[in-house]
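In what follows, a structure is listed as structure tokens, so that the remarks can point back to it.
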Amino acid sequence: MIEEARRQLREASARDPDAVFAAGVAAINAGIEDEALPLLERAVRANPHYARLWQALGLACRGLEELAPAIRALERAALLAPNDGLIAHGLARTAMEAGLPSVALFDRARRVAPKDLSIVLSRTAALFLEGRLAEAFESLEIELARNSRWFEGQSALARLRWMTGGRDGFTAGYEAALARGPADAELWGELIRTLIDAELYDDAVEAIDRARRGTGGLAVFDAMEAIAKAETGDTAAADRLFARLGPPRHLTLVVRVVRHYLRSGRPRDAAALAESFLDDDPTGQLWPYLSAAWRLTGDTRWEWLEGDPALVGVYDIGDSVGDLEGLAERLRGLHLATHQPLEQSVRGGTQTDGPLFARIDPEIRALRRAIVEAVEAHVALLPPPRPGHPLLGMPRRGRVRFSGSWSVRLTGGGRHANHIHPAGWLSSAFYVALPPVEERGPEPAGWLTLGEATELGLDLPPLRTVEPKPGRLVLFPSTMWHGTRPFDAGERLTVAFDVAPPRG
């Protein structure tokens with residue numbers, strides 16, 4: 001994919017706008033936007049009235065999280081093609097990610113493309129970010145009243161309710177739709193998956209019982225029940241259900257069975273199953289479980305995987321970031337939720353929405369520049385390549401790219417559950433503000449732990465603990481288990497991000 005995109009970039013002439021647009025889109029899809037920029041910039045100078053070229057230039061800049069020039073290019077595209085829904089939506093979404101008012105832009109995009117429900121989802125996020133919560137709920141509820149099987153809308157509504165403290169009724173949209181169509185197996189599946197994501201496993205089992213009654217007992221719910229039973233530690237029931245399903249063939253279920261084996265004291269079975277699927281695991285979801293299984297069985301391959309201390313870097317970069325208190329104030333203003341998000345590690349706190357490093361706030365841009373410099377230095381110090389290794393087996397060249405960035409604000413008793421980041425290559429913790437030691441509690445309150453998988457009930461000590469300090473950045477492999485110790489009182493404000501795997 002990357003080499004084909006590079007071929008298109010080499011062969012496209014700036015005087016052929018169609019060829020440049022196609023090459024630019026291919027480069028964006030391949031993640032090599034930086035290589036496309038020179039050609040796109042020459043092409044828009046040669047063809048200043050070609051809207052698609054400005055669109056491609058804007059999207060390439062957006063992919064590089066350079067949103068100020070992205071907005072300028074997309075504004076030019078929108079002027080040239082005012083009735084293009086994709087351009088209108090792209091401009092609105094880029095403005096939102098930059099931290100600018102964007103609801104009016106989404107309204108315009110909606111008028112241009114009234115049937116595109118993805119615009120409704122993006123507009124809802126913009127309303128939330130602008131503090132217009134009632135309107136955000138109303139936007140989704142209006143569309144769901146027209147089409148209760150709009151699954152993306154149901155999911156967004158449930159997650160919005162959860163983040164804003166409505167845990168007791170967060171699945172009300174699903175329930176209302178199922179009251180009208182109790183035999184809808186797909187809708188039941190969406191509800192059950194949402195309950196599992198929320199770790200409400202008993203509620204999920206109860207919903208599975210109702211789903212079977214409503215749909216005539218379809219076997220499609222067996223895997224969901226096996227997962228829920230396994231996560232609650234009901235080993236006998238999970239064993240029966242997984243056996244009924246037969247050998248797992250898809251990675252999602254393989255991961256769940258591996259988790260079950262580890263949780264139920266069968267690390268050798270977990271290792272055997274995970275190893276047999278490594279070639280079918282492009283995102284490296286199985287490595288954290290293999291590490292735990294190898295450590296539990298005394299298999300020294302865990303040392304090859306994550307035993308080298310050089311894989312972890314601790315850097316005090318506060319001077320490079322600048323005004324930490326100003327950064328803290330900016331971040332506090334972005335924590336609009338009142339409850340932890342679904343499917344995340346936060347316990348007792350909130351997490352910001354959207355790509356933090358895309359924002360154009362000067363405090364965020366200064367932080368991003370310091371982070372990029374530190375990541376580049378860390379990558380240069382990594383051990384030599386190791387074939388097959390999830391971190392060291394990757395090529396290490398090209399600019400630093402982020403697959404996600406966000407801020408977390410924890411309060412007294414808050415922590416991060418032990419987890420991993422399958423979308424990343426390197427993961428992180430950057431400490432912005434911390435409670436005073438007398439509020440935080442005795443060591444190691446609030447400390448970062450690496451290599452500990454207590455969420456699976458495993459008695460594995462951490463490979464390393466790191467004391468948090470304002471201005472401190474910790475980098476570690478995304479496949480490494482990590483979490484934090486709870487602390488007594490005060491505010492713990494951090495920024496985290498995932499570095500995307502390097503492009504070849």
Side-chain angles (χ1 to χ4, degrees), residues 2 30-32 251 254-255 258 262 270-271 274-275 277-296 299-315 317 345 357 371-406 416 418-430 448-453 456 460-466 472-484 495-504:
I2 293 175
I32 54 170
L251 182 62
V254 169
V255 170
V258 169
L262 286 170
E275 288 171 27
F277 274 87
L278 277 179
D279 290 341
D280 300 310
D281 180 19
T283 58
Q285 295 181 56
L286 291 169
W287 285 114
Y289 302 102
L290 264 177
S291 173
W294 286 341
R295 289 175 67 191
L296 288 167
D299 190 324
T300 58
R301 283 180 291 177
W302 79 264
E303 297 177 0
W304 167 86
L305 178 60
E306 56 188 22
D308 191 331
L311 300 180
V312 177
V314 180
Y315 306 98
I317 62 169
S345 65
F357 287 165
I371 292 289
V372 168
E373 183 178 333
V375 170
E376 289 174 340
H378 178 71
V379 169
L381 294 173
L382 285 174
R386 296 177 191 168
H389 194 281
L391 178 71
L392 302 177
M394 302 288 288
R396 295 182 303 219
R397 65 176 191 168
R399 64 187 294 160
V400 173
R401 297 170 51 87
F402 298 101
S403 54
S405 52
W406 59 94
H416 283 275
N418 284 292
H419 63 292
I420 48 92
H421 292 182
W425 182 58
L426 284 168
S427 293
S428 62
F430 176 73
L448 174 70
T449 64
L450 299 172
E452 190 177 48
L456 294 174
L460 285 173
L463 299 174
R464 184 168 178 177
T465 59
V466 182
R472 172 163 287 179
L473 171 67
V474 187
L475 297 171
F476 48 87
S478 295
T479 55
M480 184 177 282
W481 289 99
H482 57 282
T484 63
V495 168
F497 56 88
D498 288 332
V499 178
R503 300 290 182 173

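Of all heavy-atom pairs spanning Pro461 and Arg295, the tightest one is O-NH2, 2.7 Å. Listed here is the closest heavy atom pair of Ala310 and His378: O-CE1, 3.9 Å. Here the closest heavy-atom approach between residue Gly424 and residue Ser403 is recorded as CA-OG, 4.0 Å. For Met394 against Pro501, the heavy-atom pair with the smallest separation is CE-CB, 3.3 Å. In terms of heavy-atom proximity, Ile2 sits nearest to Ala30 at CG1-O, 3.9 Å. Across all non-hydrogen atoms, the minimal contact from Leu305 to His389 is O-NE2, 2.6 Å.
Here the straight-line distance linking atom CH2 of Trp294 with atom CH2 of Trp287 works out to 5.0 Å at 0.5 Å rounding. Here Leu460 contributes atom CG and Trp481 contributes atom CH2; the two are 10.5 Å apart, rounded to the nearest 0.5 Å. Note: Thr484 OG1 to Glu452 CD = 10.5 Å, rounded to the nearest 0.5 Å. One finds the CG atom of Leu290 at 9.0 Å from the CG atom of Leu262 (value rounded to the nearest 0.5 Å). One distance of note links NE2 of His419 with OG of Ser427; it measures 7.5 Å at 0.5 Å rounding. Considering OG of Ser428 and CD1 of Ile371, their distance stands at 6.5 Å, rounded to 0.5 Å.
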Quiz prompt | Check against side chain to side chain contact (heavy atoms under 4.5 Å, CB included), Val255 and Phe277 | solution = CA-CA 10 Å; Val255 170; Phe277 274 87; over 6 Å; no
Exercise. Quick one: do Phe476 and Leu448 satisfy side chain to side chain contact (heavy atoms under 4.5 Å, CB included)? Show the steps, please.
Key: CA-CA 11 Å; Phe476 48 87; Leu448 174 70; 4.2 Å; yes
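Side-chain contact check for Asp498 versus Trp406: some heavy-atom pair is nearer than 4.5 Å. Between Phe402 and Val499, some side-chain heavy-atom pair lies under the 4.5 Å cut-off. At a threshold of 4.5 Å between non-hydrogen side-chain atoms, the residues Leu475 and Val379 do not count as touching. Asp308 is not listed as a side-chain neighbour of Leu392, based on a closest heavy-atom distance of 4.5 Å or more. You'll find the side chain of Leu391 stays beyond 4.5 Å of the side chain of Met480, heavy atoms only. Side-chain contact between Thr479 and Ile420 is absent, with no heavy atoms from C-beta onward closer than 4.5 Å. At least one side-chain heavy atom of Asn418 sits under 4.5 Å from a side-chain heavy atom of Thr449.
Aromatic ring pairs are classed by plane angle as parallel below 30°, tilted from 30° to 60° and perpendicular above 60°; the pair Phe357 and Phe497 is tilted.
Summarising the local packing, CD of Glu373 is surrounded by 12 or fewer heavy atoms from other residues, nucleotides or ligands at distances under 6.0 Å.
His482 places no side-chain N or O within donor-acceptor distance of the main-chain N or O of Gly451, the cut-off being under 3.5 Å.
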